[in-house]
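Everything quoted here is computed from the prediction, not taken from an experiment.
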Amino acid sequence: MNYNKLAELLFPQITKAPQDYESIYPPRSLPEGARVTRLGPSPTGFIHLGNLYGAFVDERLARQSGGIFYLRIEDTDDKRYVEGAVETIITALDFFGIDFDEGASLDGSRGDYGPYYQSQRGEIYQCYVKELVSKGLAYPCFLTEDEIAKIRKAQEENKENPGIYGSYAACRDLSLEEVQQNIDAGKSYVIRLRSGGNQDPEKARTISVGDGIRGTLSMPENYQDVVILKATGIPTYHFAHVVDDHLMRTTHVVRGEEWISSLPIHVELFEKLGFEMPVFCHTAQLMKLDNGNKRKLSKRKDPELSLDYYRQEGYMPEAVREYLLTILNSNYEEWRQANPDADAEEFPFQTEKMSNSGALFDLDKLNDVSKDVLVKIPASRLCQFMKDWAKEFMPDILPLFEGHEDYIEKILDLGRSGKKPRKDLVCGKQIFGFIRYFFDDHFEIEDEYPQNAAADAKEILTRYLDTYAHSDDQSQWFDKIRAIAEDLNYAARPKDYKKNPDQYKGHVGDVSTIIRIAVMGRSQSPDIWEIQQILGEERTRQRISAQIG
RNA sequence: GGCCCUAUGGUCAAGCGGUCAAGACACCGCCCUUUCACGGCGGUAACCCGGGUUCGAUUCCCGGUAGGGUCACCA
């Protein structure tokens, strides 16, 4: 068999040789130790938390080493293509602070290692396929779907592994003439790898691959004659991955653990092509607890998997980032405690510190992290964020914020100063619920007066209103409440009440709860005096009067 | 079914042959306090099972079990 002739027969249009591409895409000149990573989404338009998780790893690896992080669109399957998906991906990632140094972007592509859309790299792949064919390492296969199905059936009956390999690889040794005849007959064909692996597990070589996260992975070598070029002339993922990551000079391939099982294929491809392998980092799947069982997060059932969910709820990107970092590296929280004010970028991220078991997504934890993050963000930025969020997801309330920035900022800053700032802001939705009573249209009485004091409510509020002086400082103000409490036989200090509960109707806390409900509509809130200062005298008096009736 | 990955409290997760088995979230209690939150203190709660190796295994090996992944001209 003359493989050169076969290659020429199959790919007459390919005139370039691998060497040409080697010089078009030379090794990158980057500082020692710089890492080149990539994100390779297929343009389905759906980007989820898992993608973001992986993207962070890529981004950290590259940026921390002074390397390159690029975006490559893996659109080798036109059936999956969704209009506008690339924009969606870039925008969603950008919202969470992920951007690229190179590759596909909103306005075309940038970088010297393109094209960055696999669909535009046909010639490149075919060149390497041709190379493989000419070396007898790949061959055209004319098996039809039906024939393959039959083979599979027979294999199942014989309890053999399914697939095209060994004696099942019917087209492995077709002569040049047979190939020619098939082509002339208009038969469609794919190109398969002529695997050198042994299907007998006893005789198979064991391959060991170092993984950036998991140490060493070892498994039997590949023996399947996998498809590398589809009938359309477009490569499969396996082949595109190997060629692209070599030519784009990727040093670290971060991908989900579902790829581990096809690693042997990739290893064989890298070897046959004579490429150096990148370092693989197989990340664990994000899981979720469902009826007591861990399971993979699914886009159908789990809204929190979608990145949109966090935007809709109004989580700030840095909060999500911070949370992701805590599950990304086990020592992150420790580092954060030691460096409370440091930029997250400064954290020395290590793939070795990544968990290799599936982490359960924990909303409670996210909320907690978010509180800690938001407490450090200035009110002006929070206000801006709330406006942006409302504009997109709750346009009805936007007018409450716009043009009232000073008011909003005061509200957001309530109790946030001092040594022990309040941490009650989590996300947009929650924040609005938390501060709703500051807006008359959204103010309503939500809670009931405490039972022991309800009877005195009107009396308390009347006296409160009568003695109210907006200019009182906090202690003057509270002294008046104490006075009211004492007059009405409530203990001025809770401790007195605790000692002699029978002597009083309640304590000053009950009195202020009445006031709190009248002014805020709820029994729980930050400091009443501060709120009244923000609300203003008129509005405060109005609300109290309204409850006196 | 074959191959592979994983296995410490409810969750995340330190540990890497000898520890009273860290820490965080959640939960509970107490303190602080005019409510809530914050903060402080304390508490409940864990090494999947069975064999080895070893003076000694959560840690190493083997075998189960459980969960997950993968076996496409999808990525």
Considering only atom [atom1], compute the distance from [N] to [M] and round it to an integer number of Å.
N     : M     : atom1 : result
B/C60 : B/U8  : P     : 13 Å
B/C38 : B/C27 : P     : 10 Å
B/U11 : B/C4  : C1'   : 26 Å
B/C62 : B/A72 : C1'   : 36 Å
B/A37 : B/C32 : C1'   : 13 Å
B/A14 : B/C25 : C1'   : 15 Å
B/C30 : B/C16 : P     : 38 Å
B/A13 : B/A7  : C1'   : 13 Å

Judged by atom type as modelled, is there a donor-acceptor pair below 3.5 Å linking the side chain of [X] to the main-chain atoms of [Y]?
X        : Y        : answer
A/Lys376 : A/Asp341 : no
A/Glu313 : A/Lys429 : no
A/Arg516 : A/Pro526 : yes

Minimum-distance nucleotide (side-chain atoms of [X] versus [options]):
X        : options             : result
A/Lys498 : B/A14, B/U33, B/C5  : B/U33
A/Pro220 : B/C4, B/U34, B/C12  : B/C4
A/Lys420 : B/C38, B/U34, B/C36 : B/C38
A/Lys495 : B/C32, B/A37, B/C73 : B/C32
A/Ser261 : B/U70, B/U11, B/C12 : B/U70
A/Ile528 : B/U34, B/C4, B/C36  : B/U34
A/Val227 : B/G15, B/C73, B/U34 : B/C73
A/Arg516 : B/U11, B/U35, B/A26 : B/U35
A/Glu258 : B/C38, B/C4, B/G69  : B/G69
A/Arg422 : B/C73, B/C36, B/G69 : B/C36

Ignoring backbone atoms, test whether [X] places a side-chain nitrogen or oxygen under 4.0 Å from the OP1 or OP2 oxygen of [N].
X        : N     : result
A/Lys79  : B/A72 : no
A/Ser355 : B/A13 : yes
A/Thr513 : B/U35 : no
A/Lys423 : B/G39 : yes
A/Lys230 : B/C74 : yes

Specify whether [X] and [Y] have parallel, tilted or perpendicular ring planes, treating 30° as the upper limit for parallel and 60° as the lower limit for perpendicular.
X        : Y        : result
A/His241 : A/His266 : perpendicular
A/Phe349 : A/Phe347 : perpendicular
A/Tyr165 : A/Tyr223 : perpendicular

Sort out the partner of [N] for me: Watson-Crick or G-U wobble, both distances under 3.5 Å, none otherwise.
N     : value
B/C16 : none
B/U59 : none
B/U53 : none
B/C3  : B/G69
B/G10 : B/C25
B/U33 : none
B/C74 : none
B/U44 : none

Just checking [X]: base, sugar-phosphate only, or nothing, at a heavy-atom cut-off of under 4.0 Å?
X        : value
A/Ile484 : nothing
A/Ser42  : sugar-phosphate
A/Val508 : sugar-phosphate
A/Asp527 : base
A/Arg522 : nothing
A/Ser523 : base
A/Leu217 : sugar-phosphate
A/Thr76  : sugar-phosphate
A/Pro264 : nothing
A/Trp477 : base

Where each residue is assigned the nucleotide of RNA chain B containing its nearest heavy atom, which of A/Thr326 and A/Glu333 is assigned the position nearer the 5′ end? A/Thr326

For A/Lys419 and for A/Lys353, find the nucleotide of RNA chain B with the closest heavy atom, then tell me which residue's nucleotide is more 5'. A/Lys353

What's the verdict on salt bridge (charged side-chain N to carboxylate O under 4.0 Å, His left out) for A/Arg463 and A/Glu459, showing C-alpha distance, side-chain angles and the deciding distance? CA-CA 6 Å; A/Arg463 288 181 185 228; A/Glu459 181 65 22; 2.7 Å; yes

Compare the ring of A/Phe478 with the six-membered ring in the base of B/U34 and state whether they stack (centres under 5.5 Å, planes under 30°). yes

Return the value, rounded to whole Å, for the distance between atom [atom1] of [X] and atom [atom2] of [N].
X        : N     : atom1 : atom2 : answer
A/Asn452 : B/U35 : CG    : P     : 13 Å
A/Ile228 : B/C74 : CD1   : P     : 14 Å
A/Asn222 : B/G2  : CG    : C1'   : 14 Å

When you measure from the centre of the six-membered ring of A/Phe443, is the NZ or CZ of A/Arg543 under 6.0 Å away and within 45° of the axis? yes

Report the C-alpha separation of A/Val133 and A/Val129 in whole Å, then their side-chain angles, then the decisive distance to 0.1 Å, and conclude whether the side chain to side chain contact (heavy atoms under 4.5 Å, CB included) test is met. CA-CA 6 Å; A/Val133 170; A/Val129 173; 4.2 Å; yes

Is the closest basic N to carboxylate O distance between A/Arg493 and A/Asp496 below 4.0 Å? no

